[in-house]
Amino acid sequence: MPVLQEKMTIVKQMEVAENIFEMTLKGRMVDELNEAGQFLDLKAPKESMLLRRPISISSWDKEQQTLTLLYRAGDETTGTRALSELIGGQEVDVLGPLGHGFPIHEVKRHEKIVLVAGGIGVPPLYELAKQLSKKGCQIIVLLGFGSVKFKILEAEFTELKNVTVQVATDDGSYGRHGHVGMLMDGLEFEPDAVYTCGAAGMLKAVYNKYSHLKRLYISTESRMACGIGACYACVVHTKDDPEGISGHALKVCEDGPVFKGGELTL
Ligand SMILES: Cc1cc2nc3c(=O)[nH]c(=O)nc-3n(C[C@H](O)[C@H](O)[C@H](O)COP(=O)(O)OP(=O)(O)OC[C@H]3O[C@@H](n4cnc5c(N)ncnc54)[C@H](O)[C@@H]3O)c2cc1C
Ligand code: FES
């Protein structure tokens, strides 16, 4: 798949939860998108900020040639804050689509598929759920947030066919009181496949519960520089070589961000 660099046009941008922004971009990049879970590298609109910001693609609309990102803005010194101040009609310099996303070719109509996501790890699972929904399988989406203030995309997931959504918040301000692992423990069936994205602790909990599954897919994060596999800034160690002694490491930007459960040390 070719990597494009493009000045995409902002169709709209709004704050959808506390400090979380939804940005819709239009451009030919959308023609290249197929696999949910890939990401874009966005240049912050500040000359002093040389490194791009990696943000997952939350969904796309091929007909409209648009894609949507959801991201958390940091304080005034951050690139994400500068991005959040852009408005409709302005342009963003974007590199993508990058990385390998969530494979779904093996999913069959009768299967039960579980999606587990937390916080700002939720966005890439929305496009995944959209695609799985078309396959006619049964999809159970478990979402965890710190508080209702940070809750995103619940309504969008709920509208999809064949999708059931459960939400937990750490402070009990919405849904089940507790973390998303509790929702996972409440499931009374064995899923055929599990897809997950979120904070490190949550990924570990998902891995501990479902490591026996052949189809466990984990989307991970790391600090990035080039975003295209050249600088080795984003290296993670494999399960077979947790200390990185063999020199065979994986690059999150190129080999990931989605890995098979068991490939990585979590
Ligand atoms: C594959 C991937 C997908 C991601 N998807 C999303 C998403 O959909 N929504 C979202 O809100 N966040 C996402 N992130 C995290 C996001 O990239 C960082 O929060 C963001 O780069 C921080 O930039 P900043 O300008 O706010 O912070 P600054 O403090 O200004 O950043 C300084 C530098 O550190 C890097 N950096 C800081 N935190 C991270 C991080 N967690 N991961 C990688 N680089 C980091 C920045 O890119 C920048 O180069 C993703 C990260 C990765 C690796
Ligand atoms: S960020 Fe440069 S190799 Fe991944």
Side-chain angles (χ1 to χ4, degrees), residues 3 13-25 33 35-60 67-86 92-102 115 117-129 143 145-146 149-153 156 195-203 217-237 244 247-259 264:
V3 172
Q13 162 140 272
M14 54 187 173
E15 190 173 6
V16 291
E18 194 172 296
N19 269 329
I20 300 176
F21 290 81
E22 183 184 272
M23 182 191 271
T24 303
L25 295 170
L33 303 177
E35 204 172 41
Q38 288 189 292
F39 67 99
L40 300 180
D41 235 355
L42 276 67
K43 183 150 178 20
K46 276 196 174 176
E47 283 311 312
S48 58
M49 294 182 176
L50 297 178
L51 295 179
R52 291 171 178 269
R53 270 58 178 168
I55 304 289
S56 304
I57 300 160
S58 179
S59 64
W60 60 78
L67 61 83
T68 300
L69 312 170
L70 276 92
Y71 63 96
R72 184 190 293 126
D75 64 25
E76 304 72 50
T77 64
T78 62
T80 47
R81 174 60 61 187
L83 282 165
S84 75
E85 285 162 1
L86 296 174
V92 189
D93 185 327
V94 172
L95 198 65
L98 298 172
H100 288 92
F102 296 108
L115 275 46
I120 207 63
V122 172
L125 293 194
Y126 178 47
E127 180 61 41
L128 175 69
L143 304 177
F145 303 99
K149 291 185 290 191
F150 309 118
K151 182 171 71 72
I152 49 172
L153 292 169
E156 287 85 344
Y195 297 83
T196 186
C197 185
M202 192 205 80
L203 298 183
Y217 298 102
I218 300 176
S219 183
T220 185
E221 266 189 27
S222 82
R223 293 277 174 143
M224 291 188 180
C226 73
I228 53 169
C231 73
Y232 285 76
C234 64
V235 155
V236 283
H237 298 308
H248 173 69
L250 294 168
K251 291 177 268 185
V252 173
C253 71
E254 194 180 36
D255 302 311
V258 176
F259 294 95
L264 300 179

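First listed ligand is number 1; within each ligand, the first listed atom is number 1.
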With a 4.5 Å cut-off on side-chain heavy atoms, are F145 and V122 touching?
yes
Residues C226 and G229: closest non-hydrogen pair is SG-N, 3.5 Å
Find out whether Y71 and P123 are in side-chain contact, i.e. whether some heavy atom of one side chain is under 4.5 Å from a heavy atom of the other.
no
Contact table, ligand 1 N/O with protein N/O, distance under 3.5 Å:
unit_1	atom_1	unit_2	atom_2	d
ligand 1	5 (N)	S56	N	3.0
ligand 1	5 (N)	S56	OG	3.0
ligand 1	8 (O)	S56	N	3.2
ligand 1	8 (O)	L70	O	3.4
ligand 1	9 (N)	L70	O	3.0
ligand 1	11 (O)	R72	N	2.8
ligand 1	14 (N)	P54	O	3.4
ligand 1	14 (N)	E221	OE2	3.4
ligand 1	17 (O)	P54	O	2.6
ligand 1	25 (O)	R53	NE	2.8
ligand 1	25 (O)	R53	NH2	3.4
ligand 1	25 (O)	G79	N	2.7
ligand 1	25 (O)	T80	N	3.0
ligand 1	26 (O)	T80	OG1	2.4
ligand 1	30 (O)	R53	NH2	2.9
ligand 1	34 (O)	R223	NH1	2.8
ligand 1	41 (N)	E221	OE1	2.8

Using modelled atom types and a 3.5 Å cut-off, is there a donor and acceptor pairing between side-chain atoms of Q13 and backbone atoms of S84?
yes
Pairwise distance CZ(F102) to CD1(I218) - rounded to 0.5 angstrom
10.0 Å
If only atom types and distance count, is the side chain of R52 paired as donor or acceptor with the main-chain N or O of D93 below 3.5 Å?
yes
Could you tell me whether R81 atom CZ has more than 12 heavy atoms of other residues or ligands within 6.0 Å of it?
yes
Does L69 reach the side chain of L42, with side-chain heavy atoms less than 4.5 Å apart?
yes
Just checking H237: does its NE2 atom have more than 12 heavy atoms from other residues, nucleotides or ligands closer to it than 6.0 angstrom?
yes
So, with waters excluded, how many protein N/O/S atoms does atom 2 (Fe) of ligand 2 have closer than 2.8 Å?
2
